[in-house]
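Input: a single structure, listed below in structure tokens.
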Amino acid sequence: MTKLNIQSTSITEAQKLLNDGHITSVELTEQCLSKIESHDGMLGAFLSVDRDDALSQARASDERRRNGKTRGPLDGIPLGLKDNFLHQNQPCSAGSKLLEGYISPYDGGAVRHLREAGAVLFGRMNCDEFAMGSSNEKSAYKPCANPWNLKHVPGGSSGGSAAGVAAGMCFGSLGTDTGGSIRQPASLCGVVGLKPTYGRVSRFGVVAFASSLDQVGPFANDVESCATIFDAISGHDARDSTSAKLESATTLAGLKSGVKGLKIGLPKEFFPESGVDEEVASIVKSAAKTLEDRGAELVDVSLPHTDYAVATYYVLATAEAASNLARYDGVRYGPRLAESEGLEPMYRKTRGTLFGDEVKRRILLGNYVLSAGYADQYYVQAQKVRRKIYDDFMKAFEECDLILGPTSPTPAFKFGEKSTNPLEMYLSDIFTISTNLAGTCGLSVPGGLTKEGLPVGVQMLGKPFDESTILKAAYALEQALNLDTCSF
Ligand code: GLN
């Protein structure tokens, strides 16, 4: 059997090894499982792993291959899922005690696509409770560390999905991005993470946080693998009323066509005098230069409402969260406390005890901004600013094909560094949040390491439904830089 370094093996390469008979899906899956068994005690990327279920999916894939019925590039490839994806007959808790023991009754939209593509889906990956956070420290179960340096956080909220991929525990994973939760952990863990355009991937069967901002997307160690997963999960789903009426994406086709003639916009607001770590700024600028050397043209653009994005987001996202999380009342989902004391005490006790502090803070904030007398000042006002942020992007995209900047203002921070100051934590999404407000697409691709050896991601933002262009530019950068993957 071929022993692989999973971190540095792309899905395409693994598929070739499978097709050429050098390895079986069962062996690939065993390698992922044994990496988890030996290393995840230190890392904490997975909340649970169903070994038997994974191996039975792998055996089914091997059987298809023997019979000449392989389903395509993901058949037999082990992938992980953030703990907010419904995955039939498996637990799904969204990192919360409130959903402890909840078993998914069906597969969500993206999960179903992956299953149909033959992927081996195993394990629930750690995340901040209800996807609220930027460090994974708000998981109600356990922390997840950064595989590049265990004293540092992996980012969040999809911290487990990023860390597990960086550590070679699976070939890719799914996460969700409401304000940066795919791109920021991808940046901090040195992997590729894509937030598709709002509506491009079905949200059906994903635990909702803020429904007008949530979007599903992939993580992988390289751009081609990320594009492979994206193509598989994208496409219209009638069960998600906001799903765009488009066929599956075909970004793999033009992935390697280079950046010659591509106009790359550098927004001045993403390169401020202060507020961005110096090493981050220098790595991001040199990435832009690398693409220029490969034939792209750099142009100055502006996103003038960037400074308002975080405030706007924390009004709209909390309002939607307060509404979405109202359903967790101890009646239909998860554990029920103080049942014998009557309905009202049961609601209070269940929600009061089982929601974590950050979730409660958001529910309170959300109800406040929606309350009579305040809704005009906050909620309605934020909707207006949201429109201006969208207009900024559309104007900038008249001048360029994509926008480039830092994903996160800093590399991975240490545990505890921001966890007591919510505002500081919120500011770690300053460069990612506006994309969600505009509904456009964005990705983070590794740009280099700091002197301390922590990864720094480069963010590329695209026009609506133009994931192809940002993936193509990310591929060109990846090929030019040829960086090492994590050696954890
Ligand atoms: N960190 C942001 C928050 O806490 C974004 C989260 C996300 O994208 N799910 O809300």
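Both ligands and their constituent atoms are indexed starting at 1 by order of listing. This one's a predicted model, so the numbers in the text were calculated from it and none came from an experiment.
- Sequence neighbours left out, the pairs with a member in residues 399-433 that pass ring-ring contact (aromatic ring centres under 6.0 Å, His included) are Phe270-Phe431, Tyr314-Tyr426.
- Legend: residues meeting side-chain contact (heavy atoms from CB on, under 4.5 Å) with Tyr198, ordered by chain and number and at least two apart, are Arg203, Gln215, Thr242.
- Near ligand 1, residues Ala131, Met132, Gly133, Ser134, Ser157, Asp177, Thr178, Gly179, Gly180, Ser181, Phe209, Tyr313, Tyr314, Arg362, Asp429 come within 4.0 angstrom through at least one heavy atom.
- Judged as a ring pair (Phe, Tyr, Trp, His ring centres under 6.0 Å), and not counting sequence neighbours, the contacts of Phe122 are Phe46.
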Evaluate the criterion side-chain hydrogen bond (donor to acceptor under 3.5 Å, both in side chains) for residue pair Asp214 and Ser211; output intermediate values, then yes/no.
CA-CA 5 Å; Asp214 295 342; Ser211 307; 4.8 Å; no

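- Taking a 6.0 Å sphere around CZ of Arg348, one finds it holds 12 or fewer heavy atoms contributed by other residues, nucleotides or ligands.
- For an aromatic pair to be called close, the ring centres must be under 6.0 Å apart, and Phe130 with Tyr328 satisfies this.
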